[in-house]
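Nothing here was measured: the structure is a model prediction, and the numbers come from that model.
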Protein chains: 2
Amino acid sequence: MVDIFKRYVLDHAEVSEDEFAILESASHIRKLRKRQYLLQEGDVCRYHCFITKGLLRTYSVDDKGNEHIIRFAMENWWISDRESLVNGTPSKYNIDAIEDAEVLLFAKADMNMLMDKLPVFKKMISDILDKSFITSQNRINEVISSTAEEKYHNFVQRYPQFALRAPQAMIASYLGIKPETLSRLRNKR
Amino acid sequence: MVDIFKRYVLDHAEVSEDEFAILESASHIRKLRKRQYLLQEGDVCRYHCFITKGLLRTYSVDDKGNEHIIRFAMENWWISDRESLVNGTPSKYNIDAIEDAEVLLFAKADMNMLMDKLPVFKKMISDILDKSFITSQNRINEVISSTAEEKYHNFVQRYPQFALRAPQAMIASYLGIKPETLSRLRNKR
DNA sequence: GAAAACAATTGACAAATGTCAAGCGCCTCA
DNA sequence: TGAGGCGCTTGACATTTGTCAATTGTTTTC
C-alpha cells in the first residue's frame, strides 16, 4: 500500500530514501469499504488523500436529491475538497468509495510541514495542482461545447478505467445527463 | 495602468517598493482594441497577463464554427492559457478583447525569475492558482447540475460586472446555451 | 449621414433530453 | 437459497433547448 505511494513519489520527484521516510511517517492509512464516506457534505476536509487502491468519487447533491459527480479518482490520484481544506469551511461535496479502497491521509498541517521541509515534494504537489486546473478548464470547455454523445465518447477515451469500473448511472451523473439518456445513446438511439 | 497593478500587488502580498520595481521592470504594457486577439488558437501562449483595463474572454471554436466561452476576465484578473504556457504547446483557445483593454505582459522566463527572487510573489501566484482551481471545480458542479435558468441567475449574481459588460450572446456562450434560449428565459418564456 | 454590421427578440417547428413506469437479469446477504 | 435490491434497458410521452428565418432598433464605419 505504502509501496504504491513510494513508487509514485519516486517517479514524480527526486526524493531520497530518508526523505521518503519523512513523508511516510506523516501519513496514515485508511481503509474504506464500498459506499463508505471519506468526506461528507457539511464536514470540514482535513486531509490531503492519496489513493493506493480502489475507485472514489466526489459528488454534490442538489435540492431534489440528485447526485452530480464532479470527479472520479483511483490509484495514484490525490483526492480532497481543496476549497474546504484550504479555507477550513464546511464542504459542499461528498467523497465516497465506489469500490473497496485504501487511502493515505496527510493532515493539512503535516502537509504544510512536508512541503516546507522538502521543496521537491512541494514542487510535485504544485505541479499536480497546475495540471488539475488545466484538466478542469478542459472539462469546462467540453461540457459547454459537446453533445451528450461526444461527452460520453471523450470520457471513455480519456478515462477507460473509469468507464470500466464505474456503474453507468454514475458515468451519466459525471456527464450531466440521465442514466436513461446514456443507456439510449450507448445502444445507438 | 501600472498603478492598478501596483495596488493589486500591495493588496495581495507583502512586497516593498524596491521589490515592486523589479516586478514592474519585468512587465511590458500591451494595449488591445476591441476584438483584438491576445492569443490565437494554434499559437503558443508565452505570457502571463495581468489586466489593468477592459474585458477579455477565453474561448474555443468547435467544428461547426461555434464559439464557446471558457471564461471572462477583467481589471485585476490574470489571464493566459496555462496549458499552452506551461507545456509550450499550441493553444486550443483564443483570447481576445471584448472592450478596448490594457494588459501587462510577463514572459514565462521572467515570471519564473520573479517567483524565484520574490517568494511572497510566488506565494501570491500559487494562491491565485489554488483559487482558480476551486472556482473551476465549482463551475463544473454548476454546469452539470443546474438548469439553464439557474445557471444564468447564478452567473448574474456571481459576476454582475460581466453580466453588464458582455453582450448577451457571449453570456449564452459562457453558459453553454444558445442566444435565443437565453433571450427567452430572460423574458420569462 | 447612409449603408452595413451587430444585438436582441420572436415565431414556428425540429431535435435532444428528461420523466415515469415497467421489466429483466444478476448479485448479495441474511 | 430465495427475496430484495441494484443496474440497466425500453416504451410512451412531456419538457427543454436548438434551428432557421424574419424583424427591429442600435451601433459602427466610411
With A:Glu14 via side chain to side chain donor-acceptor pair (under 3.5 Å) - residues at least two apart: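 Testing A:Glu14 for side chain to side chain donor-acceptor pair (under 3.5 Å), a comparison that skips the adjacent residues, returns none.
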
If the condition is side chain to side chain donor-acceptor pair (under 3.5 Å), which residues does B:Ser136 pass it with, not counting sequence neighbours?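 Per chain and number, B:Ser136 pairs via side chain to side chain donor-acceptor pair (under 3.5 Å) with A:Ser136.
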
If you assign each of A:Arg35 and B:Ala148 to its closest nucleotide in DNA chain D, which residue comes earlier from the 5' end? A:Arg35

Carboxylate-amine/guanidinium contact A:Asp127 A:Lys123, below 4.0 Å: yes

Which residue pairs satisfy the ring-ring contact (aromatic ring centres under 6.0 Å, His included) criterion with at least one member in residues 120-151 of chain A, sequence neighbours excluded?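 Those involving residues 120-151 of chain A do not exist here.
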
Would you list the pairs meeting ring-ring contact (aromatic ring centres under 6.0 Å, His included) in which at least one residue belongs to residues 13-32 of chain B, sequence neighbours left out? B:Phe5-B:Phe20, B:His28-B:Tyr47

Nearest-Å distance for atom pair [atom1]/[atom2], residues [X] and [N]:
X: A:Glu149; N: C:dA15; atom1: CD; atom2: C1'; result: 13 Å
X: A:Leu185; N: D:dT10; atom1: CG; atom2: P; result: 12 Å
X: B:Ile171; N: C:dC6; atom1: CD1; atom2: P; result: 19 Å
X: B:Arg186; N: C:dT10; atom1: CZ; atom2: C1'; result: 15 Å
X: B:Leu175; N: D:dT17; atom1: CG; atom2: P; result: 11 Å

Only counting residues at least two apart or in another chain, list the ones meeting salt bridge (charged side-chain N to carboxylate O under 4.0 Å, His left out) with A:Arg57.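 Testing A:Arg57 for salt bridge (charged side-chain N to carboxylate O under 4.0 Å, His left out), a comparison that skips the adjacent residues, returns A:Glu67, A:Asp96.
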
What residues, two or more places apart in sequence or in another chain, satisfy salt bridge (charged side-chain N to carboxylate O under 4.0 Å, His left out) together with A:Asp100? none

Who passes ring pair (Phe, Tyr, Trp, His ring centres under 6.0 Å) against B:Tyr93, sequence neighbours left out? none

Based on the rotation axes of five pairs at each end, what angle does the helix from C:dG1-D:dC30 to C:dA30-D:dT1 bend through, to 10°?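 Comparing the first five pairs with the last five, the axes sit 50° apart.
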
Can you check whether A:Gln168 has a side-chain N or O nearer than 4.0 Å to OP1 or OP2 of D:dT9?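 So the side-chain polar atoms of A:Gln168 do come within 4.0 Å of the phosphate oxygens OP1 or OP2 of D:dT9, strictly under.
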
Where along nucleotides 18-30 of chain D does protein come under 4.0 Å, by heavy atom, of base (B) or sugar-phosphate alone (S), with - for untouched nucleotides? SBB-------S--

